[in-house]
Amino acid sequence: MKKYDIEHDMHYLQLLAKSFPNVPAASTEIINLSAILYLPKGTEHFLADVHGEHEAFIHVLKNASGRIKLKVDEIFGEYLPTTAKKELCTLIYYPEQKLELVKSQMGDDLYEWYRMTLHQLVRVFREVSSKYTRSKIRKCLPKEFSYILEELLHERAQEADKVAYVNVIIDTIISTGSSDDFITALANVIQRLSIDQLHLLGDVYDRGPGAHIIMDKLMDYHSWDIQWGNHDMLWMGACAGNDACICNVIRLSLRYANLLTLEDGYGINLMPLATFAMETYGDDPCEAFKPHLNATNKDRFDQKTLRLMTMMHKAISVLQFKAEAQIFKRNPSWNMMDRCMLQHINFDRGTCTIDGKEYSMLDMNFPTVNPADPDAFTEEERLLMEKLHHSFRVSEKLHRHIRTMLTHGCMFAIYNNNLLFHASVPLNEDGTLKEVELMPGVRLSGHLLMHRTGMLVRSAFQNDTPAAERRYALDYFLYLWCGRDSCLFDKAKMATFERYFLADKETHVEAKGAFFRLRDKEETADTILDAFGITGENRHIINGHVPVHVVKGETPVKANGKLMVIDGGFAEPYHKETGIAGYTLVYHSREFELVQHEPFTNVEDAVREGRDIKSNIQIVENIGRRLLVADTDRGRELKAQIEDLRELLYAYRHGFIKEVK
């Protein structure tokens, strides 16, 4: 019998006894937890850089990165023709829309269609629920149908004495007019059980039109986490009140002709900016500031609207350069004074000097810039900035979404020997961890740098943070967005000004940090994994941030399989660059699978024509044996809980704590 230090643990054991008041209760829980350890490991899905592409993102969740289609193929094989399996999958993904279409087409055959379809859905439900306990499944079931679904789950129609029982349940569902609601509920349960845990490796925001829709979806999602990306950090900074972040958010929205998230999603009032832009840049062609249109939005705007967006784009860009410079000057320890770009302009010569070299400017129309003090706001700009600042600070929905980001995320996470982060861990040129000054006088690297960065970000949202620290934390959002040693950027510079105003392409180059140059090497991955305390044979780094150029032969699997970059370009502007439309990494009980997605058309095509995202699956790593819950982080937690319960049993049986019968 193991000896326990009961007296030392008494306070905790008394708390535990409130949940398990006697020997039978504690024993039953030990049996339950021990059984869970021998279930197959739940399926984890990893996505990165979804960038506001809400329809594609939501579809990938609905089809579980293609796993539901695989399950349907496994279950029905040649028993169902391909078209029937496709129809069944579409019904699972979009039950309400598909049901409307079916009812408009089936006519008198609807009853038999209901009967056949319900039997098929129940078979899929049984398959996807096979690795979970009854109690976990019960928590997923809608209350109105929980009893019926449990009965159908555990009664096999193949057994002769149960055939009539199951058939009567299904016939009664149809005859009572409950078929549509039941099918919808069943389809949603299948979707939920197909993904046990969703990991988002950053960048929900920018470029695509529906970041707010993605956040609405995540707020209702059963189990997910996020490692903040640089674009997420920009919106978090804007929400917290960083004026440079506010300008960047608006500028990027105008650059990609995407104002839906700002205006429709969060109610940000851009009318003051539009008025200011028309008054200030009405006679300016603003050639470099024409929005980047894509196949989705190229026909949405008339020329008058595009012209207005172009003027607004230039107006907010100039405001951004000023706001950034003011923050850089306030924080000299960042060593970013060279990025106060308006100060490098020679207004007499029409040139800009960078690193001692003079370049001709493409555009010298700066009506709001005073050459004697180029980074100062005019009175009109100051009033405009106040209005924009106020609009972000009072957006209730934006603040709700950012609170959700804070609740579910941080700079990095470790799950089942996998280190997750969005962009980089700063490194020296020799591959060692780089010390970075997080705050004046505070230099950190690796694990501690990432952890303390996350804590600093959170402090910007806390009222009990000392004023000076909160001011610095608020400024630091900008450094995370564009700082040389930022874990979310890690480049020599962000060449926004150069791309707008300088023709010479050499000024547009954003040289990547050492992490990106060394990440192909296995020893680099080992150095980082060791620093984060991750051990074992099957350990990995999983991140995104930099699109993988599949069309150029680049592979997402690096460092001899220890590092996986899963930014495949969900956002439409990246499709030509990457050649695909996003990755999902799937980690189930037998292997790691990299799922490569082709572009998603739209929900209407998916419902009417049964179009799914075409996905190619590559096995990245075969585990060699089926992983159980016991092999996971959750398994280690359960083993610790079992040991605590055994100590409680000992305390009961030896009279340290009295049982409550």
Would you call the rings of [X] and [Y] parallel, tilted or perpendicular if under 30° counts as parallel and over 60° as perpendicular?
X: H540; Y: F592; result: perpendicular
X: W235; Y: Y205; result: parallel
X: F501; Y: F366; result: tilted

Check your understanding: Quick one: are the ring centres of F412 and F532 less than 6.0 Å apart?
Key -> yes
Practice item. Report yes if the distance between the aromatic ring centroids of H408 and W224 is under 6.0 Å, otherwise no. Key: yes
Study note, to complete from the structure: Quick note, side-chain hydrogen bond (donor to acceptor under 3.5 Å, both in side chains) partners involving residues 474-494, not counting sequence neighbours, are N248-W481, R330-D475, N331-D475, D338-R484, S424-D490, K434-D485, R471-D475, K491-E510, K493-E498
Check your understanding: What is the distance from atom CD of E469 to atom CG of L456, rounded to the nearest 0.5 Å?
Key -> 7.0 Å
Review point. Are side-chain heavy atoms of E593 and Q618 found at a separation under 4.5 Å?
Key: no
Should the pair [X]-[Y] be classified as a salt bridge under the 4.0 Å nitrogen-to-oxygen rule?
X: D631; Y: R625; value: yes
X: K558; Y: D520; value: yes
X: R517; Y: E429; value: yes
X: D196; Y: K41; value: no

Point to revise | Neighbour count above 12 (heavy atom, 6.0 Å) for D355 CG | key: no
